[in-house]
Amino acid sequence: MLHLTLQARLQAAVRTVLPDADAATVLVRPCPDARHGDYQSNALIALAKQRKLNPRQLAEQVKAALDVAEICEAVDIAGPGFLNFRVRPTALAATLLAAARGEHLFYAPAAQPRTVVIDFSSPNVAKPMHVGHIRSTGIGDALQRIFRLLGHRVISDNHIGDWGTQFGKLLLGWKQILNREALAADAIAELERLYKVINAECDASPARLEEAKHELVKLQAGDAENCSVWQEMIRVSQVQFDAIYGRLGVKFDHALGESFYNPQLGPVVEDLLARGIARESEGAVGVFSDGSLPPKQDPFLVNRDGEWIADPALVRKSDGGFNYMTTDLATIDYRLKTWAPAEIVYVVDDRQAPHFKKLFLTFARWQPEAAAKVKLVHVGFGKILGEDGKPFKTRSGDTVKLGELLDEAEERALKVVTEKNPDLPVVERKEIARIVGLGAVKYADLLPNRQSDYQFSWDKMLALQGNTAPYLLYAYTRVRSVLRKQEVTAGDQGLEIKLVAAEELALAKHFLNFGLVLEAAAEEYRPNFLCNYLYDLAGLFARFYENCPVLKAEGAERATRLLLCDLTGRVLKQGLEVLGIQTTDQM
RNA sequence: GCGCUUGUAGCUCAGUUGGAUAGAGCAUCCGCCUUCUAAGCGGACGGUCGUGGGUUCGACUCCCGCCAAGCGCGCCA
């Protein structure tokens, strides 16, 4: 938007003054403090310093070579050499009118679209999805939506946990203690019960454990009965996943579970051995430190009692079975060969950081040429804590099931809606409660900086005051309410618009930064940047709404204000949409 | 023990290449509904940004030490 034009002009001016400088490092950013202006650049200070020039003098020279008169008021040089820009209301109005004509919505598609694989959610077969899955699922979905909006080619892939040692126990339980009625009623609960019972028996009895292992070996060997039971377990689990994803509005392009890669695991290990990347040790096969990193940073070493000892990435167990490291290597290999992405993003709990470090380094050693062409990123996140600051659990101490959490969100939201708007028909109240409740849970999860833990609080996420989904949704309903009474018409669009009041200008200027924020959110994999932007937008709109009557105004003033309402609504709706949150016209 | 992450107002949290007087909500106190949804808005109060050094024109942000909390250190994922 405007700041990009400013930036391009500024860079051109820098090239004129300092032809050999790297002008690309000269960036224009919104001023953190509006008193200094709308946009600023502090890059000239650094540039001057590198060249031992006087920063203010350089700023003067660049300013002299700078042509931004039609966009900005006179450019200020402040402090040690900041350049401050004040956008002309006329330039602002022109940008808003272009948006009104549908030419843009304050963001531009990426100049160089990338192919990005996003791996998120990854629930386990035969286990209920729990509150922990909201993080990976919500952040991952927001990221895929943001990348798509910016014009990138996104491939979302749900790497479902559909293989592993737990199936020995599950198979044993299925064959011996399965309750068909319970399975029909709630398949996941029954599978969970099977696992718990057999697992407890295995802990108590080595013979029982042997039985379970025997079932696992049979499954791995392709035994027809075990394979068919296993597939049935996947099928009933998928029904549950689909129900949850349906409620959340989350879609995947692929759901290639761990088992999909089974045929590749043997060849991967053989290749690693053949290339000398992995070697045998105590009957297992593993990748060891190559000594290229200092011990502290080397994930293939671990410190025990003051000594650094090997902590290899095992790719084949001594019993011939494979580890998830092997699966993950095969997965990278497959994704690169199939989609040739520039980037693969894993939205997974921070506790798995050491695993991803090992995985990425191992892959780089295995396929250096391929690894050089792809950016592998672990987008980690912290835990959800209860209001007592301890891990979020039910009163009885169990993990909170995702489905039940969403039910409660809708119930609590319905109570609030009913309290505030009792005259609406119950069907409408329920639909509003669904949107507000789910939105509140998602938004509360996306809002905190993802790397830190956050406290789950029903009251806070459903509050109307503060940075919450209901506050944003309420702002949207106010927009809709105004526009319902007077939609923007062709006649209004033809009118001149004049941004005069401080509230009008502040709101209009905030629109301009939508694209910047979307890009930052994508760049840093941090949807919370967008949350904060939308909260600011809603706040600016609220102030505008309080101080600038729309429907009572006339002429250009009315047209301007209607346009501001319309654009606020569109940016809010678009912003919430990429956070995976629906809007409602009434609350 | 080693490693990773975190430490910002009484509480819950933001803080975009290092940038100008560190922000928001809650809580407490005070204002604003014959005006488009008051589920809102305005104001007051509240800070040695864990701590001690360093780099810099400039540090919540970068570097080092220390303190505290959480997590990880399985031929599980």
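Chain letters run A, B, ... following the sequence lines, proteins first and then strands; every chain starts at 1.
Near RNA chain B, meaning a heavy atom under 4.0 Å from it, residues 26-36 of chain A has A/L27, A/R29, A/R35, A/H36 in order of number. If you check residues 512-529 of chain A against RNA chain B, the residues with a heavy atom closer than 4.0 Å are A/R526, A/N528, A/F529, listed by number.
Looking at RNA chain B, the stems built from 3 or more consecutive Watson-Crick or G-U wobble pairs, each pair with its key distances under 3.5 Å, are B:1-7 with B:67-73, B:10-13 with B:23-26, B:28-32 with B:40-44, B:50-54 with B:62-66.
In summary, the aromatic rings of A/H355 and A/Y324 are positioned with their centroids under 6.0 Å apart.
Within 4.0 Å of A/N467, counting heavy atoms only, lies no atom of the nucleic acid at all. Using a 4.0 Å heavy-atom cutoff across all strands shown, A/N449 reaches sugar-phosphate atoms only and no base atom. Here A/T25 lies in heavy-atom contact (under 4.0 Å) with a base. Nucleic acid contact for A/G164: none, since no nucleic acid atom lies under 4.0 Å from a heavy atom of the residue. Base engagement by A/K420 is indicated by at least one non-hydrogen atom pair under 4.0 Å involving a base atom. Within 4.0 Å of A/Q40, counting heavy atoms only, lies at least one base atom of the nucleic acid. Within the nucleic acid shown, A/Y545 comes within 4.0 Å of at least one base atom, counting heavy atoms only.
Residue pairs satisfying the side chain to side chain donor-acceptor pair (under 3.5 Å) criterion with at least one member in residues 531-541 of chain A, sequence neighbours excluded, are listed as follows: A/N467-A/N532. For residues 24-37 of chain A, the pairs satisfying side chain to side chain donor-acceptor pair (under 3.5 Å) are A/D33-A/R35, with sequence neighbours left out.
The side chain to side chain contact (heavy atoms under 4.5 Å, CB included) search around A/E387 returns A/S457, not counting sequence neighbours. Remark: A/N262 engages A/W163, A/S259, A/L265 in a side chain to side chain contact (heavy atoms under 4.5 Å, CB included) (not counting sequence neighbours). Applying the side chain to side chain donor-acceptor pair (under 3.5 Å) criterion to A/K509, with sequence neighbours excluded, gives A/D38.
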Show every donor-acceptor pair shorter than 3.5 Å between a side-chain atom in residues 514-528 of chain A and any protein atom, with sequence neighbours excluded, or say none if there are none.
| residue | atom | partner | partner atom | Å |
| --- | --- | --- | --- | --- |
| A/Y525 | OH | A/E343 | OE2 | 2.5 |
| A/Y525 | OH | A/K375 | NZ | 3.2 |

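Lacking a ring centre under 5.5 Å from that of the base six-membered ring together with a plane angle below 30°, A/Y471 does not count as stacked on B/A39.
The interatomic distance linking A/L447 (CG) with B/C13 (P) rounds to 10 Å, in whole Å.
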For nucleotides 72-76 of chain B, print each protein N/O atom paired with a nucleotide N/O atom at under 3.5 Å, atom names and distance only.
| residue | atom | partner | partner atom | Å |
| --- | --- | --- | --- | --- |
| B/C73 | O2' | A/R304 | NH2 | 3.0 |
| B/G74 | OP2 | A/R304 | NH2 | 2.9 |
| B/C75 | O2 | A/S318 | N | 2.5 |
| B/C75 | O2 | A/S318 | OG | 3.0 |
| B/C75 | N3 | A/S318 | OG | 2.9 |
| B/C75 | N4 | A/E282 | O | 3.0 |
| B/C76 | OP2 | A/K317 | NZ | 2.7 |

Quick one: which protein N/O atoms are closer than 3.5 Å to N/O atoms of nucleotides 3-6 of chain B? Pair and distance per line, please.
| residue | atom | partner | partner atom | Å |
| --- | --- | --- | --- | --- |
| B/G3 | OP1 | A/K296 | NZ | 3.2 |
| B/U6 | OP1 | A/Q451 | NE2 | 2.5 |

Got a list of protein N/O to nucleotides 56-63 of chain B N/O distances below 3.5 Å?
| residue | atom | partner | partner atom | Å |
| --- | --- | --- | --- | --- |
| B/U56 | O3' | A/K49 | NZ | 3.0 |
| B/U56 | O2' | A/K49 | NZ | 3.3 |

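With hydrogens and angles left out, the side chain of A/N84 and the base of B/A20 share a donor-acceptor pair within 3.5 Å.
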